[in-house]
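Since the structure comes first, as C-alpha cells, the remarks are kept for the end.
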Amino acid sequence: MSDRVPITHPDKVLFPADGVTKGDLVAYYRAVAPRMLPLISGRPVTLQRFPDGIGRGGFLQKQVGRHFPDWIERVTAPNRRTRQATVREEVTYAVCRTADDLAYLANQGCITPHVWLSRVPDIHHPDQMVFDLDPASEDLGPLRLAAASLHGLLDELGLASFLKSSGSRGLHVVVPLVPAAETDAVKVFSIAVAEALAARHPDDFTTEGRIAKRNGRLYLDIGRNGYAQTMAAPYAVRARPGAPVSVPLDWSELDDWVPGQHTVATIDDRLARPDPWDGIEAAATRLDEAGARLAALG
DNA sequence: GCAGTCG
DNA sequence: CGACTGCAACGCTCA
DNA sequence: TGAGCG
C-alpha cells in the first residue's frame, strides 16, 4: 500500500447486498493493476463514482477535480469533435498510469472507470474499435451467436478481435488497431461491419437505436466508437449487485460464460492464469485492407 | 468525496 | 454554521 | 424543436 494514497473510510460499504467496502474496492484495483494498466494506460478516463454506495445515485465525472493530486496525469481534449471556426470547449481528463492512480480514484468512490479508445498523445486516432453486444433478453443464445459470428466476420476481414464481458449483461468485442484512421473513419467502418452482420442475421440482430424498432433483437451498438466516447475499462467493477467485473475472455470461454460470473470476489482465479488478451497490441492492424474486403462482401 | 454556495 | 448541490454531453431518430 | 436512446 502506498503512503501517498490514504484510504478514507475503508470500511464504508459500497455494495450493500455483498458487503463490499471501499477498502475492498481499492484492494481489488491494486490486485488487477498489473493486468489492467497495460490495457488502459494513456487513455483519458471518465469516472463513474458512487461515494455513498451503489444504493445511492452515482455520477459521471470527466473533468478532473481541482482537489486531485498533481501526480495524477492529465490530458486536455476538445469537448466534441472539432468544428471549423467555433469556440472549442475543452475538458481535462485524468489518465491512469499506475496502481496508485487506480487506488486514488477508487478512494474517490470511482467504482467504474470508463476509458477512451485512443491514447495520449494521439487521441484522435483510436487504437481500438469496439462492438457492444447488448442482449434483448436473458437468453444467452443470441448473445453467444452474435459474439461468435462477429468474431468470424472480423476474421474474414483480416481483423483480430478480443472478447470481454461488459460486467453487466452483455459482451464487448474489441479490435486492436494501428492508430492511423481518424475517430470518424473508425466509427463509419464499425457501422458497416455491424450492418453486414445484421444483414446475415436479420431476425436476431439489429443496428437500430430505437428500442421500439428492435423487435426483441440483440442490439449491435457501435456508438462507443464516436469521438470522446468511452467503454467500461477491462477489469472495471460495475455498480451492480454482486460487484461484477468486466473481464477479458478467451474465445473458447464464450459458450460457458454467463453474466455476473466474474466478480471482485472471484477475480483471483483469473489472475492466476495467463491473460486472454496477451498479445492484443501485437495483433493491431490497419483498417484499409479490411475495408476493401468488407466492400467485396457486398 | 469534496468544494463551492446558499440561507 | 450546516444544508444543499454539482460532478458528461454525442449523434441519431422520430414525435 | 424536443425527447428517447445508448
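Every chain is numbered from 1, with letters handed out A, B, ... down the list of sequences.
Closest approach to the K62(A) side chain among dG1(B), dG6(D), dA9(C) is made by dA9(C) (side chain taken as heavy atoms from C-beta onward). For R210(A), counting side-chain heavy atoms from C-beta on, the closest listed nucleotide (dC10(C), dT13(C), dC7(C)) is dT13(C). In this structure, the nucleotide among dG1(B), dA8(C), dG6(D) sitting nearest to the side chain of R224(A) is dG6(D). In this structure, of dG1(B), dG11(C), dC10(C), it is dG1(B) that holds the atom nearest to the side chain of P51(A). Comparing dA8(C), dC2(B), dC10(C) by their nearest atom to the side chain of H67(A) picks out dC2(B). Considering only the side chain of D221(A), dG6(D) comes nearest among dG6(D), dA9(C), dG1(B).
Remark: the separation of the C1' atoms in dG4(D) and dC7(C) is 24 Å, to the nearest Å. Look at the C1' atom in both dG6(C) and dC5(D): the space between them is 24 Å, to the nearest Å. For dC2(B) and dC10(C), the P atoms lie 29 Å apart once the distance is rounded to whole Å. Between the P atoms of dT5(C) and dG6(D), the separation comes to 29 Å (whole Å).
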Quiz item: Can you list the steps and then say if D155(A) with S161(A) is a side-chain hydrogen bond (donor to acceptor under 3.5 Å, both in side chains)?
Solution: CA-CA 8 Å; D155(A) 189 59; S161(A) 55; over 6 Å; no
Quiz prompt | Worked check of side chain to side chain contact (heavy atoms under 4.5 Å, CB included) between H172(A) and Q128(A) | solution = CA-CA 12 Å; H172(A) 293 162; Q128(A) 290 183 345; over 6 Å; no
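The aromatic rings of Y227(A) and H124(A) sit parallel to each other, their planes meeting at less than 30°, with 60° as the upper class boundary. Ring pair H151(A)/W251(A) is parallel by interplanar angle, where below 30° counts as parallel and above 60° as perpendicular.
Straight-line distance from the CZ atom of R66(A) to the P atom of dA3(B): 9 Å, rounded to whole Å. The distance between atom CD of E208(A) and atom P of dG4(D), rounded to the nearest whole Å, is 17 Å. In this entry the distance linking CD of Q63(A) with P of dA8(C) reads 7 Å, nearest Å. As a whole-Å value, the separation of F68(A) CZ from dG1(B) P is 12 Å. Computed from coordinates, the R56(A) CZ to dC4(C) P distance equals 12 Å when rounded to whole Å. As rounded to whole Å, 11 Å separates atom P of dC10(C) from atom CH2 of W116(A). To the nearest angstrom, C1' of dG6(D) lies 16 Å from CE of M231(A). Residue H114(A) contributes atom NE2, which lies 17 Å from atom P of dC10(C) at whole-angstrom precision.
Nucleic acid contact for D52(A): none, since no nucleic acid atom lies under 4.0 Å from a heavy atom of the residue.
Here R214(A) does not reach the OP1 or OP2 of dT13(C): none of its side-chain N or O atoms lies under 4.0 Å away. Taking only side-chain nitrogens and oxygens, K22(A) comes nearer than 4.0 Å to OP1 or OP2 of dG1(B).
L171(A) has its side chain within reach of L143(A): a pair of non-hydrogen atoms, C-beta onward, lies under 4.5 Å apart. In this structure the side chain of R240(A) never reaches within 4.5 angstrom of the side chain of I54(A), judged on heavy atoms.
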